[in-house]
> 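I have a structure I would like to understand better, so I am pasting it below and will then ask my questions one at a time.
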Amino acid sequence: MAEVTKMIGKAIKRREDPRLIQGRGNYVDDIKLPGMTYAAVVRSPYAHAKIKGIDVSRALAHPGVLAVYVGEDMLDINPLPAAWQAGGVKNVAVTPRALAVGKVTHVGDGVALVIAEDRYTARDAVDLVEVEYEPLPAVVDARKATEPGAPLVHEAAANNICMEWECGDAARTSAAIASAEVVVKEEIINQRLIPTPMETRGSLARYDVATGEFTVWMTSQAPHVMRLLLTAFVFGIPETRLRCIAPNVGGGFGQKIFCYADMAFTMWASRKLGRPVKYIEDRSENYKTSTHGRDHVTEVELAGTRDGKVTGLRVKTWANLGGYFSTIAAGIPTTLYGRILTGVYKIPAAHCKVWGTYTNTALVDAYRGAGRPEASYLIERMMDRFAAEIGMDPAEVRRRNYIQPQDFPYDNGLGLLTYDSGNYEPALNKALQMVDYQNFRHEQAEARKQGRYLGLGLSSYVEICGVAPSAWIGAAGQGWGAGLFESANVRVHLTGKVVVTTGSLPHGQGVETTFAQILADELGVPYEDVTIEWGDTLAAPFGYGTYGSRSLAVGGMAMHRSAQKIKEKAKIIAAHMLEAAPEDMVFENGRAFVKGSPDKAKTLAEIALQASLAYSLPQGTEPFLDETTYYDPPNCTFPFGTHIAIVEVDPATGKVDLKRYVGVDDVGNIINPLIVEGQLHGGIAQGVAQALYEHGFYDDEGQLLSGTMLEYAIPTAAMLPWYELEHTVTPSPVNPMGVKGAGEAGTIGSAQAVMNAVIDALSHLGVKHMQMPATPERVWRTIQSSKQAAD
Amino acid sequence: MYTNQFSYHRVNTVQEAISLLQKNPDARLLAGGHSLIPAMKLRLSDPSALVDISRVAELKGIRQRGNTLVIGAMTTHSEIEDSALLKQLCPLLPEVAHIIGDPAVRNRGTLGGSLAHADPAADYPASMLALGASMKIVGSNGDRVVDADNFFTGMFATAIGSGEILTEIHVPVKTAGVGMAYETMMHPASRYAIVGVAAMVRMSGGVCQEARVGMTGAGHHAMRLSGLEAAVTGKPLDAATLSAACKSLVRPADLLGDHFASADYRAHLVDVYAQRALAAAAGKA
């Protein structure tokens with residue numbers, strides 16, 4: 001019998017690419033419905049202001065305008081929900097309404113909604129709505145917002161503090177710091193980033209007057225969750241009255257997880273007008289009003305011994321949440337940040353305190369990596385600071401503090417689940433070997449003699465993938481108020497074709513390909529015979545969606561388990577067909593046969609036909625091969641690795657040239673190496689961009705100065721070096737496939753590698769720290785002030 | 001990102017364009033559209049009519065006329081980048097064209113469009129000043145030729161009058177002993193110049209006989225660094241000379257500054273890039 005070609009582990013090209021690359025995808029804005037109308041939003045030019053009056057008469061009189069609505073019109077629906085509700089934690093969640101009522105809290109806050117026959121008319125009429133504002137003083141900085149006398153964004157939140165949270169052992173950490181041989185302190189800013197998916201966000205809502213049911217096409221990473229939030233919380237209607245569809249989604253990076261005002265106001269207006277309503281934000285609106293990421297101000301102290309052992313870590317972080325509370329905003333700088341702050345190191349005492357604060361800026365929520373890049377940046381920057389302080393090689397300091405292979409499963413003491421598996425030193429060694437570390441140090445010393453500044457930066461990271469275990473993430477102390485399991489239905493149709501419906505859905509990850517590879521191998525069918533269906537609440541029964549690198553480790557495992565159930569049932573039916581006992585059957589490579597008699601086998605297609613025609617089935621066996629799984633893993637997975645960046649800084653201008661980028665990542669077992677590499681490439685690009693280019697920047701009046709792509713620098717291929725990537729493989733014990741996930745690893749591992757390299761390049765001048773992004777002027781000024789200090 | 005309403009006219013001759021401009025005083029000429037269309041989408045620009053001159057044959061092409069290279073205003077950046085004639089007789093322009101935007105921008109954007117728009121951070125204006133180029137401008141009362149020195153009059157402002165069209169750019173053919181170079185720091189997002197300096201030097205016996213240096217990006221419009229030109233003329237362009245000459249060339253008070261690069265920093269960069277451009281030009285002479 002010919003061996004079936006295994007698909008798992010094969011670097012096959014993504015099956016979704018031909019249609020997406022050729023512009024033949026189907027995005028929300030491609031959908032046109034009969035009678036469709038277009039919405040445009042009147043948005044606040046002020047960061048903070050009272051709305052004194054709105055005159056819509058001129059806009060209403062404009063030809064082609066169907067209606068103009070203001071916030072007060074929509075008081076029959078509730079504000080958007082806050083999904084993070086940690087028990088025992090102060091949390092004053094003020095969420096946005098479909099349109100602002102009474103006052104605006106950030107530039108771009110929606111004030112009125114124009115509905116017109118076409119998009120241009122709607123946009124023209126926006127300029128005809130006259131809004132009278134009374135501007136108020138604004139605050140944009142997360143820490144300054146808590147200082148006495150700061151403008152108050154919401155009356156309910158004293159000192160602009162939305163939430164206060166902590167983890168770790170405060171007393172032990174204080175003791176460790178007080179008794180330490182060495183303490184290094186730093187103020188570290190993790191600047192605001194704007195996710196910038198290629199497709200901006202939008203919604204198309206259709207209310208069926210006859211049935212009272214809504215359909216919303218949305219740019220969403222979690223359509224099932226949106227259905228729940230919009231019905232049960234916003235509209236107060238049965239969940240079954242809304243169908244949510246996420247068609248092709250052009251990138252998300254987290255920004256498309258959340259519940260947004262446009263979902264609510266298009267639904268509301270469609271019901272009011274009895275016509276479909278489409279809203280697609282333009283790029284300026286995306287930058288001003290869709291969620292941003294990061295934006296932490298942190299005071300950190302790291303304690304250790306002169307021989308390089310870290311003994312304590314104390315962190316205070318002010319996390320900017322923006323003008324309102326976004327869907328799961330507070331879950332990011334807490335569960336996904338504080339609980340993994342000690343990274344790959346065995347640190348005996350750690351404590352983290354977080355204040356989530358309101359400011360007059362766009363809302364902040366999850367952005368690729370979500371909390372973990374901030375944590376990883378912080379500890380890796382401080383490991384370098386510590387190494388410099390005690391005069392030890394930064395690679396050696398890392399080595400001396402790694403969690404060791406025998407320590408797994410490892411409990412870091414910060415309220416996280418145990419790290420599943422890891423072996424950190426081989427990844428470091430491999431990366432050091434790839435850059436020829438000792439030789440580089442020699443080269444660096446020689447270059448300095450010629451006035452050239454070379455630097456090398458290390459980053460050893462660990463992250464949390466497959467974000468789930470409902471019993472953990474949904475528990476009171478974590479506050480996510482969600483299950484985070486995933487569903488998958490697998491069916492083998494009469495013709496032998498396999499269909500999978502899943503709550504995981506792609507917005508660039510290539511899971512149509514990865515999932516089909518898994519099913520092809522598990523069921524022993526041709527890869528081409530497997531179809532993956534996703535993105536529609538009418539298809540998969542439920543799903544928590546795609547984020548937190550969970551598609552494979554949670555969604556993929558749900559279908560893996562359904563495939564096992566299919567095989568079990570197939571064996572029972574095949575036994576009946578072969579007049580054998582079910583317990584004697586084996587299923588291999590798509591065929592069921594009596595153990596030891598593979599010549600007399602029934603193929604899956606034959607079994608599926610038997611199961612579908614159903615005239616002769618074993619007693620008590622239902623027709624059809626159709627199995628659904630709700631998979632809830634016992635733990636998250638913890639990928640890790642070491643990244644190294646090599647830079648050269650131009651002493652005259654401060655410009656940083658990223659010369660080499662080396663990464664050794666361990667994402668567990670790999671299904672498709674090409675897709676893993678692609679995910680790492682994109683992820684590293686975003687981390688490099690945080691280190692060198694991107695900054696969502698507000699002035700003191702709350703105006704977004706990086707509000708267009710002329711100012712906000714997203715990375716392009718021309719700005720990046722050739723990546724040199726390798727892997728180690730430490731399978732996860734959490735799931736049967738041993739996979740971990742790779743969606744965010746690149747971002748989580750990279751920013752600090754680049755910043756550590758920039759600072760290393762300037763270390764001979766006495767530079768110890770610099771904030772991101774390392775723009776030419778910032779680097780140049782750092783060089784100048786170091787030189788002055790030396791004079 | 002939705003423009004106001006406007007009418008659109010595609011013309012085949014310069015005369016047609018001029019007569020349309022006269023009929024519609026707030027009409028704008030559309031060349032490659034890479035600056036005008038984004039401005040219209042942001043509603044920063046609101047013309048009632050666009051006159052599309054991108055297909056006017058007489059505005060295209062690069063040819064040699066004696067000691068002058070004549071470049072049609074609607075010549076695209078990529079045509080300049082790839083021109084064998086320019087690579088041989090005025091290598092600076094292909095070098096500059098090569099770093100503008102990305103291939104998509106270079107395939108649409110035009111030299112004339114860029115010069116007429118006069119973005120203070122555009123790359124070409126510095127090289128026009130360094131090369132001693134001149135611009136042919138045509139209007140209903142005939143045509144005139146304006147030196148680059150008198151062409152850039154302010155931020156987004158040029159010597160082109162209302163109802164007039166920039167039709168040709170005239171660039172001297174490179175002579176013996178001449179070297180030219182453009183050195184720039186570009187903004188990572190827009191890829192426009194934070195500071196860009198173009199230098200043209202004529203060397204003889206190791207000594208600079210003539211220098212022309214144009215600066216863009218830092219100020220309200222591209223300008224000559226005349227003091228620097230005088231300081232290096234008659235001298236060898238070695239590191240010591242250049243380093244001494246390129247000090248405090250411009251005053252920060254006269255420059256633009258923003259969150260990415262302050263006026264002080266730009267003033268410093270002008271010194272750095274002027275030195276680099278002169279050194280590179282001398283190296284090619």
Side-chain angles (χ1 to χ4, degrees), chain A residues 38 40 116 118-127 194 196 200 280-287 650-656 688-689 692-699 703-720 773-781 783-784, chain B residues 1-6 34-35 38-44 46 98-105 119 121-122 183-197 218 239 242-243 246-247 252 257-276 279:
Chain A
Y38 294 83
D118 70 80
R119 191 172 282 178
Y120 285 86
T121 303
R123 174 62 188 84
D124 287 345
V126 162
D127 292 342
I194 307 180
T196 319
T200 60
I280 302 288
E281 64 182 9
D282 61 30
R283 183 60 66 188
S284 306
E285 290 179 301
N286 178 268
Y287 271 25
D650 181 343
T653 65
K655 194 165 185 293
V656 176
V688 168
L692 297 180
Y693 305 117
E694 298 189 29
H695 191 183
F697 182 76
Y698 285 92
D699 69 11
Q703 292 296 328
L704 181 62
L705 296 190
S706 57
T708 77
M709 294 179 92
L710 281 173
E711 295 94 19
Y712 190 82
I714 59 165
T716 65
M719 293 147 82
L720 297 161
T775 56
E777 179 165 8
R778 177 173 278 161
V779 176
W780 178 73
R781 287 195 182 278
I783 295 170
Q784 298 310 305
Chain B
M1 304 300 266
Y2 297 92
T3 64
N4 266 314
Q5 210 165 32
F6 59 90
H34 274 73
S35 298
M40 289 171 67
K41 285 185 167 186
L42 291 167
R43 301 201 171 195
L44 297 171
D46 189 19
H98 177 68
I99 61 155
I100 295 173
D102 53 34
V105 168
D119 190 306
E183 294 286 334
T184 179
M185 177 184 282
M186 54 172 81
H187 191 287
S190 66
R191 295 177 67 81
Y192 274 96
I194 296 294
V195 165
V197 179
L242 291 179
S243 163
C246 295
K247 282 217 163 70
D258 60 20
H259 169 59
F260 186 79
S262 66
D264 283 347
Y265 178 59
R266 285 174 200 248
H268 165 72
L269 289 182
V270 171
D271 294 350
V272 173
Y273 284 94
Q275 190 174 337
R276 289 179 181 180

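Quick note on labels: first sequence line is chain A, next is B, and so on, each numbered from 1.
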> Anything under 30° is parallel, anything over 60° is perpendicular, the rest tilted; go ahead and classify A:Tyr120 against B:Tyr2.
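Correct class here is perpendicular.
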> Answer with side chain, backbone, both or neither: which region of B:Arg266 has an atom nearer than 4.5 Å to a non-hydrogen atom of chain A?
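Neither part, no heavy atoms under 4.5 Å.
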> Is it the side chain or the backbone of B:Ile194 that comes within 4.5 Å of chain A heavy atoms, both, or neither?
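Contact with chain A: none, neither part.
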> Evaluate side-chain contact (heavy atoms from CB on, under 4.5 Å) for B:Arg43 paired with A:Arg123, printing each intermediate quantity in order.
CA-CA 11 Å; B:Arg43 301 201 171 195; A:Arg123 174 62 188 84; 3.2 Å; yes
> Let's test your reading of the structure: which of A:Gln784, A:Arg778, A:Arg119 forms the most heavy-atom pairs below 4.5 Å with chain B?
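Top count of heavy-atom pairs under 4.5 Å with chain B: A:Arg119.
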> Can you check whether A:His695 reaches B:His259 side chain to side chain, under 4.5 Å on heavy atoms?
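Contact flag for A:His695/B:His259 side chains = yes.
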> Counting only non-hydrogen atoms closer than 4.5 Å, does A:Met719 touch chain B with its backbone (N, CA, C, O), its side chain (CB onward), both, or neither?
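For A:Met719, the side chain is the part near chain B, not the backbone.
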> As a quick check of understanding, evaluate side-chain contact (heavy atoms from CB on, under 4.5 Å) for B:Asp264 and A:Arg781, giving each step before the final call.
CA-CA 11 Å; B:Asp264 283 347; A:Arg781 287 195 182 278; 3.7 Å; yes
> What's the shortest heavy-atom distance between A:Pro776 and B:Phe260, and which atoms?
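Heavy atoms of A:Pro776 and B:Phe260 come nearest at CD-CZ, 3.8 Å.
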> Looking just at side-chain N and O atoms, do B:Ser262 and A:Glu777 make a donor-acceptor pair shorter than 3.5 Å?
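Short answer, yes.
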> Output the option from A:Thr775, A:Thr708, A:Asp124 having the highest count of non-hydrogen pairs under 4.5 Å with chain B.
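Looking at each of A:Thr775, A:Thr708, A:Asp124 in turn, A:Asp124 comes out on top.
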> Given that the side chain runs from C-beta out, which part of A:Asp699 has a heavy atom under 4.5 Å from chain B: side chain, backbone, both or neither?
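Neither the backbone nor the side chain of A:Asp699 comes within 4.5 Å of chain B.
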> Show your reasoning for whether side-chain contact (heavy atoms from CB on, under 4.5 Å) applies to A:Trp780 and B:Leu269.
CA-CA 10 Å; A:Trp780 178 73; B:Leu269 289 182; over 6 Å; no
> Let me confirm one number: the NE2-CG distance from B:His187 to A:Leu710, rounded to the nearest 0.5 Å.
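Atom-to-atom, B:His187:NE2 and A:Leu710:CG are 8.5 Å apart.
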> Among B:Gln5, B:Arg276, B:Gln275, who wins on heavy-atom pairs under 4.5 Å with chain A?
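Of the candidates given, the most pairs with chain A belong to B:Arg276.
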